[in-house]
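A quick write-up on the structure given underneath.
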Amino acid sequence: MADRKLPTRSEDFSEWYNQVVLRAEMADYAPVRGCMIVRPYGWALWENITYQLDRRFKATGHLNAAFPLLIPRSFIDKEKHHVAGFSPELAVVTIGGGEELEEPLVIRPTSETIIGHAYAKWIQSYRDLPVLINQWNSVVRWELRTKLFLRTLEFFWQEGHTAHATLEEAEAETRQMLDIYTDFAVREAAVPVIPGRKSDAERFAGADRTYSIEAMMGDGKALQAGTSHNLGQNFAKAFEIKYLDNGGVHQFCWTTSWGLSTRFVGAIVMVHGDDQGLILPPRLAPYQAVIVPIFKSDEEKRAVFEAAQKIRAEMIAADIRVKMDEREGMSPGFKFNDWEMRGVPLRVELGPKDVASGNAVLSRRDRPGREGKVSVSQQGIAGVVEKLLVEIQDALFQRALDFRNSNTAEPKDYGEFKIAVEKGFALSHWCGSSDCEGKIKEETKATMRCIPLDQTAGPGKCIYCGQSAHERAIFAKAY
RNA sequence: CGGGGCGUAGCGCAGCCUGGUAGCGCGCCUGCCUUGGGCGCAGGAGGUCUGGAGUUCGAAUCUCCACGCCCCGACCA
């Protein structure tokens, strides 16, 4: 690392983000443009995300499966909105084993088509429904402009695909999964999100209705952090996913799909990080605590390590993910900065003074410097750490929520609206026309993020055209 | 795909204008010394200067052509 100092978030948020991701060793650039190598530390965070989501999926009756990476090109063409939406960004395989293929294969940009094909074979009767399947995989979309974690050619995610007998069941599933994403974001990632419905313009290609959770990043911009689609009968009709109802009549299924990707790692970085680097929410952090031993002589080292090992053992017994930093030849100061860059929520500093007093210094990542330090007894330290981790988790959520609230405006007119979207979210009445939505985007670069499910304000007048509007929507510049 | 920036040691860069021995900082290795907020000293390893063609006695440097990356815009999990 040539330069120790990170660019500050206020002077260059984008460069700050890149540097944090690289220096915290979450990811690296790959030899192919727009592709990313997820390094062990970044992958460990993703694994914790996948674990928390996966257990929620299973608790609601979903099973995991694996569908192929390669999809016949013709499959994409079967659903007309889907083909229009995804064709420009497909990666296509035309040669296999040295021979030109009879039909080109696309690398999946998402799996509605190939799963639809399978469901058509598997579903015969209403008794076969619902089908509730999820898969963990990666997909490829040939994006023009990429950024680590936020938008890469290949990204990792989960995609759930379900089939139901009725529209009501499909809608309930769609909403249930949106709730799961919301719950995950809030409780595990400490990321406040706004669950809501997408506009027609922002809807998934092939969906009747798209819901998303939207989060505010540290620069006030919006990030779509997860989506849940009610696909209606669009894919059922394209792939003939039919069942015989109990009256003996063929019916098309109602299908859904929902996904959350490694983009969420980027969201965590941009929501919680500070000028020192990452700050990871304790519930997802690969290491929740790191022990930094401090010593001069060999005798000191022995005594410090002995105490450190005891602390470590106690924490492991309490199911705390703890790392002991035994690296030689690095000063404590270096290690402090290093672990702050990596966002470890809590640091245990243990030196000769602490060994003598029977204490250890706990240092909170979310409160830099002396203010976040407290000296506690080594006796029963795991219990104190557990409590502190909960406090840190709560504090991170509260801080992110306060930030969002203070950067969310309810503009009275279009003039105020334009100012509001320069620094954050604007919550405004919108008549629902794509025309107003398009004009707003053209004039302010802000897009309709979602129509929040929570609509307490009642009807009003469209912020753009002044016509009556029965709902409010979030507008913001977005990633 | 349009606009801009940039390709020289692992990373960050200087050298290029004005052609003539390949350089600096950090990192890395060895040793000593240090360690409570990014220690210090000494020694050392590491380069087909993105690729190709051309001009020239001679090219990192000049010319042309490719390729790649980053940033900003239009499009997107």
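To find a chain, count down the sequence lines: A is the first, B the second, and so on, and within it residues start at 1.
- Side-chain proximity of A:K445 to B:rG73, B:rG36, B:rC75: nearest is B:rG73.
- Residue whose closest nucleotide on RNA chain B sits further toward the 5' end, between A:K353 and A:F155: A:K353.
- We find that CD1 of A:I37 is positioned 13 Å from P of B:rC69, with the value rounded to whole Å.
- Taking atom CH2 of A:W16 as the reference point, atom C1' of B:rC71 lies 18 Å away to the nearest angstrom.
- When both pairing distances are held under 3.5 Å, B:rA74 makes no Watson-Crick or G-U pair with any nucleotide shown.
- Residue A:L144 contributes atom CG, which lies 12 Å from atom C1' of B:rG73 at whole-angstrom precision.
- Nearest to the side chain of A:Y29, among B:rU35, B:rC75, B:rC70, sits B:rC70.
- The aromatic ring of A:F334 does not sit over the base of B:rG37, since the test of centres under 5.5 Å and planes under 30° is not met.
- Atom CD in A:E11 sits about 16 Å away from atom P in B:rC71, given to the nearest Å.
- Taking the six-membered ring for Trp and thresholds of 30 and 60 degrees, A:H62 and A:W258 have ring planes more than 60 degrees apart, a perpendicular arrangement.
- If A:R203 and A:N337 are placed on RNA chain B by their nearest nucleotide, the residue sitting closer to the 5' end is A:N337.
- Whole-Å rounding puts the A:D325 CG to B:rU35 P distance at 17 Å.
- Tested against A:I213, the residues A:T227, A:L223, A:T182 include a single side-chain contact (heavy atoms from CB on, under 4.5 Å) partner, A:T182.
- Rounded to the nearest Å, the gap between the C1' atom of B:rC64 and that of B:rG25 is 35 Å.
- Counting to the nearest Å, the P atom of B:rG38 and the CZ atom of A:F336 are 9 Å from each other.
- Distance from the side chain of A:R151 is smallest to B:rA77 among B:rC1, B:rA77, B:rG37.
- The partner of B:rC24 is B:rG12, judged by Watson-Crick or G-U wobble contacts that both fall below 3.5 Å.
- Using C1' as the reference atom, B:rA22 and B:rU48 are 13 Å apart when rounded to the nearest Å.
- Of the candidates B:rC75, B:rA77, B:rG37, the closest approach to any side-chain atom of A:S261 belongs to B:rA77.
- Nucleotide B:rA53 has B:rU63 as its partner under the Watson-Crick or G-U criteria, with both atom distances under 3.5 Å.
- Distance from the side chain of A:K441 is smallest for B:rC75 among the nucleotides B:rG36, B:rC75, B:rG37.
- Relative ring orientation between A:Y414 and A:F417 is described as parallel, the plane-to-plane angle staying below 30° on a 0-90° scale split at 30° and 60°.
- Which of B:rG37, B:rC70, B:rU35 sits closest to the side chain of A:K373 comes down to B:rG37.
- B:rC41 sits 41 Å from B:rG68 when the C1' atoms are compared, rounded to a whole Å.
- When all heavy atoms of A:E202 and A:T447 are compared, the closest pair comes out as OE2-CB, 3.8 Å.
- The distance between atom CZ of A:F86 and atom P of B:rC75, rounded to the nearest whole Å, is 16 Å.
- Remark: aromatic rings of A:W46 and A:Y41 are distant, center separation not under 6.0 Å.
- B:rA42 and B:rU30 make up a base pair, with Watson-Crick or G-U wobble contacts both under 3.5 Å.
- Both distances falling under 3.5 Å, in either a Watson-Crick or a G-U wobble arrangement, place B:rC69 opposite B:rG5.
- The same atom, P, is picked in B:rU30 and in B:rA66; the two are 47 Å apart, to the nearest Å.
- The existence of a salt bridge linking A:R203 and A:D200 is confirmed by a sub-4.0 Å separation between a basic side-chain nitrogen and an acidic carboxylate oxygen.
- The side chain of A:I294 approaches B:rU35 more closely than any other nucleotide in the set B:rA77, B:rC71, B:rU35.
- In the set B:rG36, B:rC72, B:rC76, the nucleotide with an atom closest to the side chain of A:R145 is B:rC72.
- If you take atom P in B:rG54 and the same atom in B:rA59, they sit 12 Å apart, rounded to whole Å.
- Residue A:E11 places its CD atom among more than 12 non-hydrogen atoms of other residues, nucleotides or ligands, all under 6.0 Å distant.
- Closest approach to the A:F295 side chain among B:rA77, B:rC71, B:rU35 is made by B:rU35 (side chain taken as heavy atoms from C-beta onward).
- Using atom P as the reference point in both B:rA53 and B:rC71, the two lie 32 Å apart (nearest Å).
- With rounding to whole Å, A:L22 atom CG is found 22 Å from B:rC26 atom P.
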